[in-house]
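Below is one structure, written out as structure tokens; the observations come after it.
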Amino acid sequence: MIYCFPEIPGSLTMLILMVLFYGVLLFCLLTAVYVVARILWVVVKEPVREMYFDYLDYKERREKTKYSRKRKKKQEWFEDYSKFK
């Protein structure tokens with residue numbers, strides 16, 4: 001019984017041409033993906049950086065207000081305690 005595989009070429013020249021064609025096609029595809037990824041990175045990098053630093057500023061501001069609130073409550077407690085004395 002003879003099996004026929006159309007994707008396997010019959011001659012060595014055709015095999016080499018197919019390997020080169022698929023290699024060039026793969027290279028072009030990877031290059032296109034790289035270019036699109038670089039463009040997306042350039043577009044997205046700056047807003048993401050700004051969001052990250054805004055988050056850090058917000059976090060730092062929140063920590064400061066949290067501690068100042070605690071200090072204020074403690075101070076009020078001491079003032080109330082001194083009134084009772």
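Remark: Lys45 NZ to Glu50 CD distance equals 12.0 Å, nearest 0.5 Å. In this structure, Ile16 CD1 and Ser11 OG are separated by 9.0 Å, a value rounded to the nearest 0.5 Å. Rounded to the nearest 0.5 Å, atoms CE (Met14) and CZ (Phe21) are 10.5 Å apart. Rounding to the nearest 0.5 Å places CD1 of Ile39 at 11.0 Å from OH of Tyr34.
Counting side-chain heavy-atom gaps under 4.5 Å among Ile, Leu, Val, Met, Phe, Trp and Tyr, the cluster of Tyr55 also holds Tyr52, Phe53, Leu56.
There is a path of hydrophobic side-chain contacts, each under 4.5 Å, that joins Leu25 to Met18. Leu20 and Leu12 fall within a single hydrophobic cluster, where Ile, Leu, Val, Met, Phe, Trp and Tyr are joined by side-chain heavy atoms under 4.5 Å apart, directly or via other members.
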